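Reviewing the structure listed below.
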Amino acid sequence: MTILVIGEHDNTSIKPATLSTIAAAQQIGAEIDLLIAGSNVQEIAVSASSIAGIRRILVADAVHLADGLAENLEATVMQLAHHYRHVFAPATAFGKNVAPRIAARLDVAQISEVTAVEAHDTFQRPIYAGSVLASVQSMDAQIVVTVRATAFDPVAATGGHAEIEQIAVPPERGVSRFVGRQVTELDRPELTAARIVVSGGRGLGSGENYQTVLAPLADKLGAALGASRAAVDAGFVSNDYQVGQTGKIVAPELYLAIGISGAIQHLAGMKDSKVIVAINKDAEAPIFGVADYGLVGDLFTVVPELTQAV
Ligand code: FAD
């Protein structure tokens, strides 16, 4: 009952969500192979071989795998899939792109955004924007799972001694073409990987206020910046910043929700944060229901004072 984990990397290093996906797979108690697909990925494969608890690194190295096109990756995974009872991928944009294709090809029901492993065929996953945790048992012969990275502590990136095996890569499918990628340049930690997130909502009133009030606090704390959907929809920041049901799922050590009411769709993206601090002028705002620390006050007064005090 070996498990295949589809590894996500940025052509330089393994993404942290892969380490959390491996942690989830380990809870099944079977051997794990990790697929590293891409172009010129030998160095990544060597560093991945040190990840704790992996049996083999399967390296699929070909020019047409360079840009992570799901159609080509799917073909690579499908030639391996019959060896495995489980196929795991991170529930990131990358994993969500490829895993459903694998599930469809295998004609099985994918189990998405798993937050706990109850048995080899039974998983917990949030439904209704995280209001309910469903326990889902698969009756399929093979199981395709995407893993919510914030729910599993990553395995150690060192200490393992996996063997590295090159695998044959199927030819390019020719059904899609990489055109370009626009990557937001951040001089702050990445939102989903940050230890601290400073998040702002509609209460900030404008993009200019968002930058002048929140950015100095984030800079002092070494934090990533996040936002509610209302702030994104109002154009304060781009949708890369959105936290929530239709944004990013974060679980940092510290989450500051500033001028955010705490709608259920926002909570779905941040309520697993270790410590939540809410600043809001409305003492009845629902965000105080999940906050560990709450400050009722005008953010335009309170946040600069806080920034000064840090
Ligand atoms: P509001 O609800 O307007 O709250 C603003 C808050 O700021 C208020 O509590 C107010 O008291 C406070 N405030 C105002 N001025 C000040 C001040 N000077 N000082 C202190 N506090 C102040 N939302 C998300 O965030 N993420 C999602 O992924 C998401 N997905 C959605 C998906 C669907 C299908 C739907 C229907 C909705 C989704 N939403 C999402 C939207 C969500 O329902 C809320 O509308 C949104 O989260 C509200 O954002 P907000 O808290 O910034 O704004």
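It should be emphasised that the depicted structure is a prediction, and the values quoted were computed from it without experimental measurement. Both counts, for ligands and for their atoms, begin at 1 and track the order of listing.
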Does Lys15 come within less than 4.0 Å of Glu190, counting only side-chain N to carboxylate O?
no
Could you pull out, from Pro286, Ser261, Gly226, the option with a heavy atom nearest to atom 1 (P) of ligand 1?
Ser261
Note: ligand 1 atoms sitting under 4.0 Å from heavy atoms of Gly247 are 28 (O)
Using a strict cut-off of 4.0 Å, indicate which atoms of ligand 1 neighbour a heavy atom of Phe300.
18 (N)
What are the atoms of ligand 1, with element, lying closer than 4.0 Å to any heavy atom of Gly297?
19 (N), 20 (C)
Numbering the atoms of ligand 1 from 1, which are under 4.0 Å from a heavy atom of Gly203?
5 (C), 7 (O), 13 (N), 14 (C), 15 (N), 16 (C)
Taking only heavy atoms of Asp298 into account, list the atoms of ligand 1 that are under 4.0 Å away from them.
17 (C), 18 (N), 19 (N)
Indicate the ring-plane relationship of Phe123 and Phe88, choosing parallel, tilted or perpendicular according to the 30° and 60° boundaries.
perpendicular
Between Asp61 and Gln166: side-chain donor-acceptor atoms closer than 3.5 Å:
no
So which bit of Ile287 gets within less than 4.0 Å of ligand 1, heavy atoms only: side chain, backbone, both or neither?
neither
Give the contacting part of Ser228 toward ligand 1: side chain, backbone, both or neither, where contact means a heavy-atom distance below 4.0 Å.
both
Applying salt bridge (Lys or Arg N to Asp or Glu O under 4.0 Å) between Glu71 and each of Arg173, Arg101, Arg105, Arg177, report the one that passes.
Arg101
For Ala263, the ligand 1 atoms whose distance to one of its heavy atoms is below 4.0 Å:
42 (C), 43 (O), 44 (C), 47 (O)
Protein heavy-atom contact under 4.0 Å for atom 45 (O) of ligand 1?
no
